[in-house]
Student: 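I have a structure I would like to understand better, so I am pasting it below and will then ask my questions one at a time.
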Amino acid sequence: MALNKFMHPRNLYKNKKPNFQELALKYPDFRKYVFPDVTGKLFLDFKHPDSLRQLSKTLLEDDFDLKMELPLDRLVPTVPLRLNYIHWLEDVLAASKAGKCIKGIDIGTGSSCIYPILSCKLHDDWTFLATEVDDKNFMFTQKNIETNGMTERIKVKKVNAVDDTILCDAIKDESDTFDFCMCNPPFFADHVEAQAVAKSRSYSRADPKSVCTASFTEKIVEGGEVNFLKRMIKDSMELGDKIRIYSSMIGKKSSLPPLKEELRKLKKSLFQESKKERPPLVYQVPRAPTDLDYDVAHISARIKALLTDLKIQHDVTLNQKSLVKMTLVAKENTWSNQRRKRRQKAKEEAQPSKNSFAPTEGTKDGHDDGSDGSEHLKGNSPCEEHISSSKEQKAVPEENENNNHPNIGLDICKKIFNPSKSALL
Ligand code: SAH
């Protein structure tokens, strides 16, 4: 992770760039991976898995007094990014008034067991249950826990990749309740997706600064991270308060909408509450100037017809003598280019009669300004119908039956052309 403003304020690396010079002098193993530029400043090749691994190991040793063994063919944890998640969790725990002796779960702990080990180093009273599916990762994790003297505080469980659950099976024998669970999930659904993401970087964007060393099981899971996290959400429905705070990282921004949707569906979403209701469109029917059918019932019937015409889904949520309320959902924009659509329709409808009475005009194309023979059809379109003058309306007697007050229609027309709003009449 770049050292940038998005780092957590307590992140040790927010304002402290690792000093390669100092680290190289202190750690001979690290020295092997740095090289000087022409000015003598030391550099590290972030695209080389070995250099990356050595940097993480050196930072963990220098800043946290931790010793880690990391295989070359597995994901190398970048320390500043992992630290960020831990600090964020500390904040969430503090906000939720969690007490002392925090118990966490790390789902997919990797070869490093970085989250539990680093968290336990930072907090004397934290303990962890870690899970892992990969044999090699499981072995290295156990070793790292032992090397850092944390066997009493971190328990690691080997779980099955084909299990339907992410959490339920792993904690079914645990009598404890947990304060939180955390997860850095496998990102991709398959190699194609992994490659597509790599290739979808725009040319204007710089190449990734560091190489990704993750193995197949570490970065690829059926259905990608969305499916992985959906399984976790499903587990949370079953486990409820057994875990107080459910959390996860997300690798791709595009994963957020389907996950938010899933939470909404299960009525577990806070996003839903923050979603602002738009104010309703309200049309108040003025007092009738005549004794025509000029009342709420007739106008709402007309509006329903217009909405049907426009393929706008409308559900009547309240139907009283003096008040009709509808919720509108527009799945697509059916109201744009009305003038063009009208002309097209008028043209189509005018065509047979034109052909029979004036065959030469039938071949004319592209010059129709809507005036030719279309006057009697104007009323077919909702907007035009109401915008047209009363003179034009006289030419549409059948339409006048339904609409006796052009101004009302015009007003409504303007209002309903705003999708996804509820309409109050
Ligand atoms: N937490 C580590 C590793 C993240 S990579 C880090 O942040 O560096 C994702 C890890 O999840 C891999 O180690 C992978 O083997 C593991 N994994 C994949 N499916 C899993 C599952 N169903 N349960 C537990 N771990 C899983």
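When a residue number appears, it is its place in the shown sequence, counting from 1. Atoms within a ligand are numbered from 1 in the order they appear, just like the ligands themselves.
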Student: Going by distance only, is there an N or O of Asn137 that falls short of 3.5 Å from an N or O of ligand 1?
Tutor: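 In this structure, Asn137 places an N or O atom under 3.5 Å from an N or O of ligand 1.
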Student: Look only at the side chain of Glu225 and the backbone of Pro186, and say whether a donor-acceptor pair between them is shorter than 3.5 Å.
Tutor: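 The answer is no, because no donor-acceptor pair under 3.5 Å joins these two groups.
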Student: Can we say Lys57 and Asp29 salt-bridge, meaning some charged N sits less than 4.0 Å from an Asp/Glu carboxylate O?
Tutor: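 Judged by the 4.0 Å cut-off on N to carboxylate O distance, Lys57 and Asp29 do not form a salt bridge.
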Student: Is the centre of the Tyr115 ring less than 6.0 Å from the centre of the Tyr85 ring?
Tutor: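 Ring centroids of Tyr115 and Tyr85 are less than 6.0 Å from each other.
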Student: Atoms of ligand 1 less than 4.0 Å from Val159 heavy atoms?
Tutor: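 Heavy-atom distances to Val159 below 4.0 Å select 23 (N), 24 (C).
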Student: List every atom of ligand 1 that sits less than 4.0 Å from any heavy atom of Asp134, numbering the atoms from 1 in the order shown and giving each element.
Tutor: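 Going through ligand 1 atom by atom, the ones under 4.0 Å from Asp134 are 15 (O).
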Student: Classify the contact between Val133 and ligand 1 as side chain, backbone, both or neither, using a heavy-atom distance cut-off of under 4.0 Å.
Tutor: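 Both backbone and side chain.
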Student: Going by the order shown, which atoms of ligand 1 are within less than 4.0 Å of some heavy atom of Thr131?
Tutor: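 With Thr131 as reference, the close atoms of ligand 1 come out as 24 (C).
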Student: Would you confirm whether Arg244, through its side chain, and Cys181, through its main-chain N or O, come within 3.5 Å as a donor-acceptor pair?
Tutor: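 No, Arg244 side chain to Cys181 backbone: no donor-acceptor pair under 3.5 Å.
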Student: Determine whether the side chain, the backbone, both or neither of Leu75 has a heavy atom under 4.0 Å from any heavy atom of ligand 1.
Tutor: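 Leu75 to ligand 1: side-chain contact only, backbone stays beyond 4.0 Å.
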Student: Mind checking what makes salt bridge (charged side-chain N to carboxylate O under 4.0 Å, His left out) contact with Glu146, not counting sequence neighbours?
Tutor: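 Applying salt bridge (charged side-chain N to carboxylate O under 4.0 Å, His left out) to Glu146 gives none.
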Student: Please determine whether side chain to side chain contact (heavy atoms under 4.5 Å, CB included) holds for the pair Asp62 and Phe30, giving the CA-CA distance in whole Å, both sets of side-chain angles, and the decisive distance to 0.1 Å.
Tutor: CA-CA 11 Å; Asp62 198 54; Phe30 182 71; over 6 Å; no
Student: Which atoms from ligand 1 have a heavy atom of Asn184 less than 4.0 Å away?
Tutor: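 Answer, ordered by atom number: 4 (C), 5 (S), 6 (C), 7 (O), 9 (C).
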Student: Any N/O of Ile107 closer than 3.5 Å to an N/O of ligand 1?
Tutor: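 No: no nitrogen or oxygen of Ile107 is under 3.5 Å from one in ligand 1.
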Student: Contact between Arg82 and ligand 1, counting heavy atoms under 4.0 Å?
Tutor: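 Yes, Arg82 has heavy atoms under 4.0 Å from ligand 1.
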Student: Within the 4.0 Å heavy-atom shell around Tyr115, which atoms of ligand 1 are there?
Tutor: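 Close to Tyr115: 7 (O).
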Student: With the threshold set at under 4.0 angstrom, would you say Pro186 reaches ligand 1 through any of its heavy atoms?
Tutor: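 A heavy atom of Pro186 does come that close to ligand 1.
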Student: Using heavy-atom distances only, which candidate in Met249, Lys158, Glu132, Arg74 approaches atom 13 (O) of ligand 1 most closely?
Tutor: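 Selected option, by shortest heavy-atom distance: Glu132.
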Student: Between Phe43 and Tyr33, is the ring centroid distance below 6.0 Å?
Tutor: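 They do not qualify: ring centres at least 6.0 Å apart.
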Student: Mind checking side-chain hydrogen bond (donor to acceptor under 3.5 Å, both in side chains) for Thr177 and listing every partner two or more places apart, or none if nothing turns up?
Tutor: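 If we apply the side-chain hydrogen bond (donor to acceptor under 3.5 Å, both in side chains) test to Thr177, skipping adjacent residues, there are no hits.
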